[in-house]
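The sequence lines fix the lettering, A, B, ..., with proteins before strands; numbering per chain opens at 1.
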Amino acid sequence: KTVCVDAYVWLHRGAYACARELCEGVPTRKHVEYFMNRARMLARGKIRAVYVFDGGRLPSKSGEEESRRRGRSEALARAKQHAMQGNASAAYEQYTRAVDVTPEMARQVIDALAKEGFESLTAPYEADAQMAYLAKHGFVDGVITEDSDLIAHGCASVFTKMGADGHGIEIRYGDLARNRDLSFVGFTPEMFLEMCVLSGCDYLPSLNGVGIKKAHGLIRRFKTYTKVLRHMKFEGISVPRDYEARFEDALLTFKFQWVYCPKRQHNVNLNDPTVVLDESTIADLPRLIGAYHAPTVAHALANSAVHPMTLETFGKAVA
DNA sequence: GGCTAGTCGTCAT
DNA sequence: CGACTAGCC
């Protein structure tokens, strides 16, 4: 059995163990140790794991990233203030809000993993799309993550909420029809994805007052987002002028994100766009999913030889 | 009541 | 990122 593991969660939890040190530039390996302890624990269960790391930022997410950066720098200012006044616990609380997981930290963990014979893979952009690709094409038997978007990305089965003891919950797309809270009888994968976008996703915030329940009800009733929006217009519900175009963009981002194919050793789209999209839409995709990488670059990025954002070789300092 | 939209906690002693 | 919850309709 082979699984892929979303490295994001352990990377963040590890950062909390040494939030002050990371914020103040004090050398520490606690976050690496936290990750390695979890990896060693998983290895004891006779499961082969591939640790998947996030790569470059998607163009569609840059706005969100800017506001988070502001929030972190404000928290860091408050942390320094508390630290100066000798209030260590109040300072720590702010350090945890200020700490950021960097590609350099990911690289430290990847090196530590390699040293003990663990496998890792850096996604060209988002790890969840990469893991969905690995699962869909049989490179792995399962996915371990905390991210619910994996089902929307077309992953048939997801293992989530795994604690230190290795226990967790398996969510299967095929089981959704038996869901108690919301009925997914008659839902296609496309309807499920459109429901996810309608209820608010990474690439598009939801309309005011529309959450998961409303989104589910609307898609169940009208089947497609086009008909949902037509209904809203008919009902006189105010919808931003560009909402439909942005909805289309969000769907394209979900479906055609760049992922790395370990067999062909270059970047491909999560789903093949050539059969369902016209030439001009395909040519427009990089605006949403980011630039195409030449095979040599894609291979170097996937194997963590280059910084996923600058594509420059990592300095020796991180090793 | 149900639902959405904000706030909180993630470590480990 | 999800979990929790105050406060909305």
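- Looking only at side-chain heavy atoms (C-beta outward), A:V5 and A:R38 stay at 4.5 Å or farther from each other.
- Along DNA chain C, read 5' to 3', the first and last nucleotides having any atom under 4.0 Å from a heavy atom of chain A are C:dC1 to C:dA3.
- Of all nucleotides in DNA chain B having an atom under 4.0 Å from a heavy atom of chain A, the first and last in 5' to 3' order are B:dC3 to B:dA12.
- A donor-acceptor pair shorter than 3.5 Å can be found between the side chains of A:Q108 and A:H31.
- A:Y92 and A:H82 have their aromatic ring centers separated by at least 6.0 angstrom.
- A:F254 is listed as a side-chain neighbour of A:C201, based on a closest heavy-atom distance under 4.5 Å.
- Under the 6.0 Å cut-off for aromatic ring centres, A:H12 and A:Y16 do not qualify, their centroids lying 6.0 Å or more apart.
- With hydrogens and angles disregarded, no donor-acceptor distance shorter than 3.5 Å links the side chain of A:E126 to the backbone of A:D54.
- Salt bridge annotation for A:R107-A:D111: present, with a cationic side-chain nitrogen under 4.0 angstrom from a carboxylate oxygen.
- Contacts between residues 12-22 of chain A and DNA chain B, counted as heavy-atom distances below 4.0 Å, involve A:R13, A:Y16, A:A17.
- Under the 4.5 Å side-chain criterion, counting only non-hydrogen atoms from C-beta, A:E244 is not in contact with A:V239.
- A donor-acceptor contact closer than 3.5 angstrom is absent between the side chains of A:Y133 and A:Q257.
- Within residues 209-221 of chain A, the residues approaching DNA chain B are A:G209, A:V210, A:G211, A:I212, A:K213, A:K214, by heavy-atom distance under 4.0 Å.
- Among the protein residues, A:D202 comes within range of the sugar-phosphate backbone only, with heavy atoms under 4.0 Å from sugar or phosphate atoms but none that close to a base.
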Name each donor-acceptor pair under 3.5 Å that joins a side chain in residues 185-195 of chain A to protein atoms two or more places apart or in another chain, with its distance.
{"unit_1": "A:T188", "atom_1": "OG1", "unit_2": "A:M191", "atom_2": "N", "d": "3.1"}
{"unit_1": "A:E190", "atom_1": "OE1", "unit_2": "A:K255", "atom_2": "NZ", "d": "3.0"}
{"unit_1": "A:E194", "atom_1": "OE1", "unit_2": "A:Y225", "atom_2": "N", "d": "2.7"}

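- A:D284 contributes no side-chain N or O that, together with a main-chain N or O of A:S280, makes up a donor-acceptor pair within less than 3.5 Å.
- By the 4.5 Å heavy-atom criterion applied to side chains, A:V109 and A:F53 are counted as neighbours.
- Counting only residues at least two apart or in different chains, side chain to side chain donor-acceptor pair (under 3.5 Å) contacts with residues 290-303 of chain A comprise A:N267-A:H293, A:H299-A:N303.
- Residue contacts for A:Y92: at a heavy-atom cut-off of 4.0 Å it reaches a base atom on one of the strands shown.
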